[in-house]
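Numbers restart at 1 for each chain; the letters A, B, ... are given by sequence-line order, proteins then strands. What's counted below: heavy atoms across the whole structure, side chains too, no hydrogens, waters or symmetry copies.
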Amino acid sequence: MKIALLGNPNCGKTTLFNNLTNTYQKTGNWTGVTVEAKSAKYKHDSSIEIIDLPGIYSFEANSLDEKAVIKYLKETPPDVIINVLDGTNLERNLYLTCQLSFLNIPTIIAVNMYDQLEKNNIKLNIDRFEEYFNAKIVPISAQKGTNVGKLINTVIDNKQALKPLKTAQISKNASVKEKYSFIEKVVNNIISKTSTKTLQLTQKIDNVIMHKVFSIPIFFCVLTIVYYLSIKLGGLIGESILNAFNNLSYYTKIQFYKINVSIVAIDLICNAIIGGLGAIFSLLPQVLILFALLCVIEQSGYAARVAFIFDRLFSSIGLNGKSIVPMMVSCGCTVSGLTATRTIEKDSERFATIFLAPIMPCGAKMAVFGYFSYAVFNGNAIIASSMYFLSVFCVAIFGKILYKLKLLGQNEGTFILEIPNLKVPSIKDVFYVLIEKTKDFLVKVGFIVFVLSILLWILKSFGVSGYVGDNVEKSFLYVIGNFIKPIFYPLGFGSWQASVGILCGIFAKEGIVETLHVLTNSPATLFNNQFSAYAFMTFILLSPPCLASLITAKRELNNNKLFYFLILFEFISAYLVSLIVNIIGILIGKSLNLILFSIIVIIITVIIIRCKTHKEQINANKQ
Amino acid sequence: MTLSSVKSGQSCKIIKINSSKELLKKFNRLGFVEGTKVKVIRKALFNGPIEILIRSYYLALRVIDADQIIVEIQ
């Protein structure tokens with residue numbers, strides 16, 4: 001038997017689905033997380049298949065999701081539909097129910113979040129409710145699991161008796177207004193009281209977290225906590241994992257030497273394979289902690305509020321309030337950030353976010369800047385931190401250019417976003433997300449990093465004469481580096497080592513530090529002057545973080561032409577901006593100290609943001 | 001007057017929706033019809049989105065969209 005779950009976005013369908021089945025399915029307190037129908041077996045009876053359809057508001061085929069659902073129900077009609085309603089928001093949820101009566105599929109209604117209604121002493125007259133729609137109605141709480149078994153049992157027990165919905169009082173051609181007046185009548189007749197305490201609590205919290213002034217510092221506090229936990233705590237765990245792999249590599253090496261394994265094999269297994277695996281697993285804790293926290297932020301409903309706060313700022317560069325989440329995730333890992341763009345409904349705004357997110361300094365880029373600040377700039381922290389400001393500066397400028405030239409077809413579009421009630425996320429949902437993400441990370445990202453680390457090892461350890469070991473100047477890598485280095489002459493770092501560094505950086509920015517470390521004793525000698533070192537960092541900052549992120553961008557854009565444009569855009573913009581940095585260095589480098597230059601970058605960025613917000617303020621006052 | 005010019009905390013009633021056909025449909029689905037009561041909860045910084053209470057749920061929309069909804073203060 002096939003049972004389909006149908007309802008508005010945010011009504012708790014996916015939480016119900018997670019409760020009925022044992023599979024991993026992400027729920028978000030956003031509208032439209034379920035992009036396509038997901039199906040799984042009922043956990044107590046494998047002959048029953050449960051299908052989770054995308055959340056929709058109506059059957060009028062307006063949005064992609066609505067079209068998908070209509071198509072699905074026409075082509076493969078399920079045996080029974082469970083119409084899930086958010087009990088705290090019956091008026092809007094019943095609009096879809098009204099339209100369901102014209103589908104010829106047996107339907108049962110589940111009133112979700114019933115626990116919240118009870119908590120607020122709201123009573124539903126279920127009998128009268130059933131009469132209005134001529135259907136069985138079961139009150140449930142998907143999050144707590146109350147009555148969820150009863151719901152399925154009701155379906156099984158009444159299999160023959162279940163009928164399509166029928167509302168005598170409303171005809172198929174009724175106007176929207178007529179439908180809503182019918183719904184108003186129904187709701188008034190079945191609900192005992194309408195004021196609710198939990199809603200008031202949500203409003204009280206919202207008064208603080210969405211406050212005109214406090215909302216922004218509160219958001220940055222939350223952001224800091226997320227990063228601190230993910231990068232510091234995750235980094236600490238990751239470091240011990242890396243150490244474990246290093247020890248493993250060391251002991252394997254000793255054991256292999258004892259039994260006379262060839263040097264090439266030892267090098268391959270100990271350095272390339274074990275080292276590659278170590279790199280993947282040491283990143284895992286950071287990614288997982290970041291995802292768990294972001295999942296909590298999304299499911300609690302805070303992400304929708306953050307989108308509300310930042311929409312104005314982002315819409316002025318052709319993005320959307322919802323872009324804030326992908327952008328901040330990209331500061332940790334761009335691959336995850338790009339995946340997080342799916343919640344943005346409008347394609348042009350989603351594409352713009354995908355174009356700009358790779359500019360944010362991800363964890364691996366920050367590692368390069370950290371290395372540079374002590375290896376090239378004598379431990380000066382201002383230069384590395386100015387990179388953060390440079391990235392914000394470039395996001396604003398590039399965003400504006402893409403927007404003004406309408407390269408991605410952006411126009412000032414609608415932003416209609418439901419602000420769901422705040423709730424404590426269910427542990428089960430967070431846990432499922434983590435399992436899914438671990439699998440995703442190891443299979444998709446891990447595999448690529450692993451293959452690349454072996455590929456890089458081959459290029460580094462072999463040359464025309466065969467295995468060259470540590471003698472890098474005879475390797476293929478040296479040949480390649482020399483071949484491409486003229487490209488980087490104008491940027492001020494035309495040495496083969498720096499070119500190889502950039503090349504490795506295309507695969508993964510993590511590789512740059514290691515590569516430069518292996519290829520040269522003093523990285524400072526690779527650059528003409530400090531400005532060209534800064535140009536090198538700029539190039540690293542603005543080019544895509546890794547091959548995995550490019551592959552993710554391709555998947556998310558789902559459009560080859562746009563993807564090639566993205567590659568061109570990212571590399572050309574990176575090249576041009578670092579060229580500008582190098583030219584500034586050549587022109588006034590002798591009289592201008594680089595530290596002073598970094599400070600100027602920071603000040604200009606701050607001024608631009610100030611002017612921007614000031615202008616908005618004036619516009620706001622005018623109206 | 002338009003929904004965007006209603007002050008935070010004020011309630012109003014929808015008189016007319018002047019938006020494009022596509023957007024009108026979207027508004028309809030979300031419960032915006034003539035006569036629906038709407039309360040403006042808050043407005044975001046710098047002329048940003050407006051949060052409203054409609055049919056017992058909360059919704060945010062941009063000023064440009066709210067401009068197209070004609071209301072009457074209650």
Distance-minimising heavy-atom pair for [X] and [Y]:
X        : Y        : value
A:Tyr180 : B:Arg55  : CD2-CZ, 3.3 Å
A:Lys212 : B:Ala44  : CE-O, 4.3 Å
B:Arg42  : A:Asn207 : NH2-OD1, 2.7 Å
B:Ile50  : A:Phe308 : C-CE1, 3.8 Å

In Å, rounded to the nearest 0.5 Å, how long is the span from [atom1] of [X] to [atom2] of [Y]?
X        : Y        : atom1 : atom2 : answer
A:Asn10  : B:Tyr57  : CG    : OH    : 11.0 Å
A:Ser175 : B:Asn28  : OG    : CG    : 9.0 Å
A:Gln203 : B:Leu53  : CD    : CG    : 7.5 Å
B:Leu45  : A:His211 : CG    : NE2   : 10.0 Å
B:Asp65  : A:Phe415 : CG    : CZ    : 10.0 Å
A:Glu418 : B:Glu51  : CD    : CD    : 11.0 Å

Legend entry - Sidechain N-carboxylate O distance under 4.0 Å for B:Arg62, A:Glu349: yes
Legend entry - Pairs of heavy atoms under 4.5 Å with chain B: top-ranked of A:Ile183, A:Asp206, A:Asn8, A:Ile216: A:Asp206
Which answer fits [X], side chain, backbone, both or neither, if we ask what part of it has an atom under 4.5 Å from a heavy atom of chain B?
X        : answer
A:Asn93  : neither
A:Tyr95  : side chain
A:Glu184 : side chain

Inset, instruction - Mark yes or no for whether B:Asn47, through its side chain, and A:Arg312, through its backbone, hold a donor-acceptor pair below 3.5 Å. - result: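 No, the answer is negative, given that no donor and acceptor are paired below the 3.5 Å cut-off.
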Inset, instruction - Using a cut-off of under 4.5 Å on heavy-atom pairs, state which of B:Leu59, B:Leu61, B:Val33 scores highest against chain A. - result: B:Leu59
